[in-house]
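Just so it is clear: chains get the letters A, B, ... in the order the sequence lines come, proteins before strands, and each one is counted from 1.
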Amino acid sequence: MNFFRLLGDLSHLASIFILLHKIQTTRSCRGISFKTQVLYVVVFVTRYLDLLTFQFHSIYNTVMKLFFIGSSIYILYLMRVRFRPTNDPSIDTFRIEYLLGPCAVLSLIFNYGYTWLEIPWSFSIFLESVAILPQLFMLQRTGEAETITTHYIAALGAYRALYIPNWIFRYFTEDNGVDAIAVVAGIVQTALYVDFGWIYFTKVLQGQKFELPA
Amino acid sequence: TGAGRKKDEL
């Protein structure tokens with residue numbers, strides 16, 4: 001564990017707490033893509049199948065995995081049951097089958113072994129890299145967002161960005177090579193946040209509302 | 001171990 005990865009994981013945790021806070025305090029899931037949240041559940045469940053093997057890494061690792069699975073399912077419950085009337089599917093129109101299909105194909109081509117752990121793991125890495133797209137697409141359609149929602153997306157972007165220096169650090173301090181699948185997918189994922197990040201830094205952090213140019 | 005998946009990452 002190094003500084004960048006710890007900070008990245010904490011940023012990931014923070015993003016989930018920001019999202020929960022947004023839904024609970026506004027009593028609304030307006031502006032949040034249900035499809036992106038469904039994809040995150042799929043990502044966590046397929047990636048953390050190794051929990052079932054009880055191959056223990058650390059308490060940190062196990063607790064975080066359980067938290068990510070549990071909180072992502074809880075968010076679906078909040079959106080679909082508790083605050084269902086505030087969820088507007090008519091603007092959440094990204095076709096997620098166009099993400100799921102190619103990720104499934106990629107995971108069959110690029111993986112670290114044809115096993116029931118490695119193929120879902122690889123699939124989850126590819127899927128995570130594009131899981132934010134329905135959310136960004138929704139933002140694009142509405143052209144604006146509540147400030148708290150932009151903090152949520154920014155925390156997710158920071159988490160991804162921090163994993164890159166983590167890999168560089170690990171490359172130079174450890175002697176076991178590069179996780180090419182995670183690194184390539186991670187760079188793609190981080191790149192998807194660049195546009196958003198620019199507006200976040202130049203508008204939201206300067207105290208303005210998040211609005212896309214017409 | 002060689003290049004490959006980092007099983008300790010989340």
Side-chain angles (χ1 to χ4, degrees), chain A residues 1-2 4-6 8-13 16 43-44 47-51 53 55-69 110-113 115 117-122 124-125 128 159-160 162-163 166-167 169-171 174-183 185-186, chain B:
Chain A
M1 174 62 71
N2 61 59
F4 300 110
R5 186 146 54 102
L6 181 63
D9 289 344
L10 292 179
S11 185
H12 195 184
L13 271 187
I16 292 166
V43 163
F44 294 136
R47 184 170 312 166
Y48 301 149
L49 286 174
D50 61 352
L51 285 171
T53 67
Q55 279 181 354
F56 187 72
H57 298 286
S58 64
I59 291 178
Y60 174 84
N61 188 276
T62 301
V63 169
M64 292 289 258
K65 285 173 174 172
L66 291 173
F67 177 81
F68 288 137
I69 293 175
F110 304 101
N111 57 61
Y112 293 127
T115 68
L117 278 184
E118 291 300 331
I119 291 178
W121 177 86
S122 185
S124 86
I125 293 289
E128 188 193 344
Y159 143 62
R160 291 316 311 179
L162 284 160
Y163 259 65
N166 154 61
W167 291 319
F169 183 86
R170 296 192 81 170
Y171 177 77
E174 293 172 25
D175 195 24
N176 49 11
V178 173
D179 183 338
I181 293 172
V183 170
Chain B
T1 45
R5 173 180 158 189
K6 302 281 184 280
K7 297 201 176 191
D8 56 336
E9 289 191 354
L10 292 162

* Answer yes or no: is there a side-chain heavy-atom contact under 4.5 Å between A:Q55 and B:K7? => no
* Asked: What do you reckon, is OH of A:Y171 surrounded by more than 12 foreign heavy atoms closer than 6.0 Å?
  -> no
* State the CZ-CG distance between B:R5 and A:N111, to the nearest 0.5 angstrom. => 11.0 Å
* Structure fact -> Note: vs chain B, highest number of non-hydrogen pairs under 4.5 angstrom among A:R5, A:K65, A:M64, A:E174 is A:R5
* **Interchain contact, A:D9 with chain B, by part (heavy-atom threshold 4.5 Å)** => side chain
* Matching residue for B:L10 among A:Y163, A:F44, A:F67 - test: side chain to side chain contact (heavy atoms under 4.5 Å, CB included) -> A:Y163
* Asked: Does a side-chain N-to-carboxylate-O contact under 4.0 Å join A:R170 and B:E9?
  -> yes
* Contacts of type salt bridge (charged side-chain N to carboxylate O under 4.0 Å, His left out), residue A:R160, not counting sequence neighbours -> A:E128
